[in-house]
Protein chains: 2
Amino acid sequence: MLRAAVELADAVGIDAVSMRRLAQELGVVPMALYKHVANKDQLLDGMVDVVLGEIEPADPALDWQVGVRARVLSARRAVLRHPWARQAIESRTHRTPAVLGYMDSLAGTFRRGGFSADLTHHVMHALGNRIWGFSPELFDEPPVAATTPPSAEEQQALAARFAEEYPHILEIAVAAAGGDLSGVGTGCDEQFEFEFALDLLLDGFDRLRVQGWTSARGVASGRA
Amino acid sequence: MLRAAVELADAVGIDAVSMRRLAQELGVVPMALYKHVANKDQLLDGMVDVVLGEIEPADPALDWQVGVRARVLSARRAVLRHPWARQAIESRTHRTPAVLGYMDSLAGTFRRGGFSADLTHHVMHALGNRIWGFSPELFDEPPVAATTPPSAEEQQALAARFAEEYPHILEIAVAAAGGDLSGVGTGCDEQFEFEFALDLLLDGFDRLRVQGWTSARGVASGRA
DNA sequence: GTTGACAGGTGTACGGCGTACACCTAGCGT
DNA sequence: ACGCTAGGTGTACGCCGTACACCTGTCAAC
């Protein structure tokens, strides 16, 4: 069913993907879809996960910089294969397992490359903007120790599972909270992250300017 | 009316802004709105322009880096003031005068700072992602010499008007086409732009890594 | 002072949307 | 033989954007 939805979106665009239209495509009555997804939002989440699943896995043998580059470009390729994906990803606020998994593995690449958890945190933010646009809250803390209602034991189990599944994200979150575990879940300082990435770019711009950088335009078809 | 729409969106979110709801808010029948905008898309365009209008004007006395930084942060503030604005901006593909004006003035700041038209082009792309997310086509060439139908004279007049209004954008477009004016309108090499910005970031990351960068977290409340 | 254009508000209607709710049916473990 | 359950059905409600025909007040030109 998700496959059908993705194909339909590829064919007619995301706006034309309605529960009714998708049902028709599947030769089924609209309400039948609700036996598989709770609502349309969940359908979109699923579709996004399909696209994210197309991102090639990390190659741990690669140097961190090459590895990250390859990973991000692979993500870009996946998104470009489905023109509707960018908009869909940006409209989602949920952190599905696919999103968390991708983030965690990317964070792992940085860590193995010698980045501190702290620095990893910030560069992930800076990169986040590049990978899926302007989604500050994307990195906000998942409910590892935030919500109160569920029983303390369930809570523990959930946290443990999270720690096992996404060790790097947890590590980063802890680092971001300054080692103060109780503060985990308060979210990031978005303004800091924004300026961090902005200044990184501006400094890069300046370096290119002083060295008289110019694109290879004109000779051959450009770009190496 | 645009003011009312913006206020409504601020109050109840962009999804709840419907022609009907907005009309009700204005004490008017839904169809009355269509005397002022052609359709809902145009309403959203107008709302985005209102937000863009809140961006503070450039201060030409500032150093380019300080100036760009101030401008981008001002844009961010405007967008943050209207939580719906990010999504709305990203969903628009039109280049309204407000967007073009902002881009042109930003490009001018780079040019005055000693950037070549070529480099300005690329850094604008790199920054574009930061300002309003992942909108590759935002910088695609406006129809300065692209569409065929309108009479050659009208065409000329339009191009002249564009050149006067947005000189820097034009300059950049020409530079991007490699001085070959006939090629203007073919759009940018998005893959190149993407990798350009990505590598700029990765290089910046590496520099921070080797110098053992760490956020000021822990002392005081962080961030200067 | 009449007239006619025009800006802008009105009312009705259509087709599409997401989805709540009640119902049906086939297959299967007991 | 029986009840559970996964999954498909049909109807209905209240939203949405907007096409189309109509009305009303204002004001310039005659």
Side-chain angles (χ1 to χ4, degrees), chain A residues 1-51 82-99 135, chain B residues 1-51 82-99 135:
Chain A
M1 154 171 180
L2 285 179
R3 234 190 320 275
V6 168
E7 278 166 26
L8 182 56
D10 285 346
V12 303
I14 193 71
D15 287 344
V17 175
S18 65
M19 297 304 265
R20 295 173 128 98
R21 176 73 191 267
L22 176 57
Q24 186 185 328
E25 217 72 22
L26 290 167
V28 114
V29 88
M31 286 311 291
L33 302 180
Y34 287 88
K35 298 291 170 167
H36 304 275
V37 294
N39 50 49
K40 191 176 180 180
D41 267 3
Q42 205 168 97
L43 172 69
L44 291 176
D45 282 345
M47 292 170 66
V48 167
D49 276 11
V50 168
V51 174
H82 307 284
W84 47 271
R86 184 172 56 83
Q87 181 187 335
I89 289 172
E90 283 169 9
S91 74
R92 309 290 79 204
T93 58
H94 284 11
R95 293 161 297 259
T96 68
V99 173
S135 339
Chain B
M1 154 169 180
L2 285 178
R3 234 191 318 277
V6 168
E7 278 167 27
L8 181 56
D10 285 345
V12 303
I14 192 72
D15 287 344
V17 175
S18 64
M19 297 303 265
R20 295 171 129 99
R21 175 72 192 267
L22 176 57
Q24 186 185 328
E25 217 73 23
L26 289 167
V28 113
V29 88
M31 286 313 291
L33 301 180
Y34 287 89
K35 299 291 168 164
H36 304 275
V37 294
N39 50 49
K40 191 176 180 181
D41 267 3
Q42 203 168 100
L43 172 69
L44 291 175
D45 281 345
M47 292 171 65
V48 166
D49 275 11
V50 169
V51 173
H82 308 284
W84 48 271
R86 185 171 56 81
Q87 181 187 335
I89 290 172
E90 283 169 8
S91 74
R92 310 289 77 206
T93 59
H94 285 11
R95 293 161 297 259
T96 68
V99 173
S135 338

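Convention: sequence-line order gives letters A, B, ...; per-chain numbering from 1. Side chains included, hydrogens not; waters and symmetry mates left out as well; all remaining heavy atoms used.
Scored by the side chain to side chain contact (heavy atoms under 4.5 Å, CB included) test, B:Ala9 finds B:Ile14, B:Val17, B:Met47, B:Trp84 as partners (sequence neighbours excluded). The side chain to side chain contact (heavy atoms under 4.5 Å, CB included) check on B:Ala16 picks up B:Val12, with sequence neighbours excluded.
The side-chain heavy atoms of A:His36 and A:Leu2, taken from C-beta on, include no pair separated by under 4.5 Å. Residues A:Leu33 and A:Leu43 are not in side-chain contact: their nearest non-hydrogen atoms beyond the backbone lie 4.5 Å or more apart.
Of the residues in residues 11-35 of chain A, those with a non-hydrogen atom less than 4.0 angstrom from any atom of DNA chain D are A:Arg20, A:Val28, A:Val29, A:Met31, A:Ala32, A:Lys35.
In this structure, CD on A:Gln42 lies 10.5 Å from CG on A:Asp49, to the nearest 0.5 angstrom.
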Checklist entry - After noting the C-alpha distance and the side-chain angles of A:Met19 and A:Val37, does the key distance pass the side-chain contact (heavy atoms from CB on, under 4.5 Å) rule? => result CA-CA 11 Å; A:Met19 297 304 265; A:Val37 294; 4.0 Å; yes
Next on the checklist: What verdict does the side-chain contact (heavy atoms from CB on, under 4.5 Å) test give for A:Val50 and A:His82, after you've listed the backbone C-alpha separation in whole Å, the side-chain angles of each residue and the deciding distance to 0.1 Å?
Outcome noted: CA-CA 10 Å; A:Val50 168; A:His82 307 284; 5.8 Å; no
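Distances shorter than 4.0 Å separate none of the side-chain N or O atoms of B:His36 from OP1 or OP2 on C:dA7.
Residue pairs that meet the salt bridge (charged side-chain N to carboxylate O under 4.0 Å, His left out) test with at least one member in residues 8-21 of chain A, sequence neighbours left out, are A:Arg21-A:Glu25.
Of all nucleotides in DNA chain D, those with any atom nearer than 4.0 Å to a heavy atom of chain A start and finish, going 5' to 3', at D:dG7 to D:dA12.
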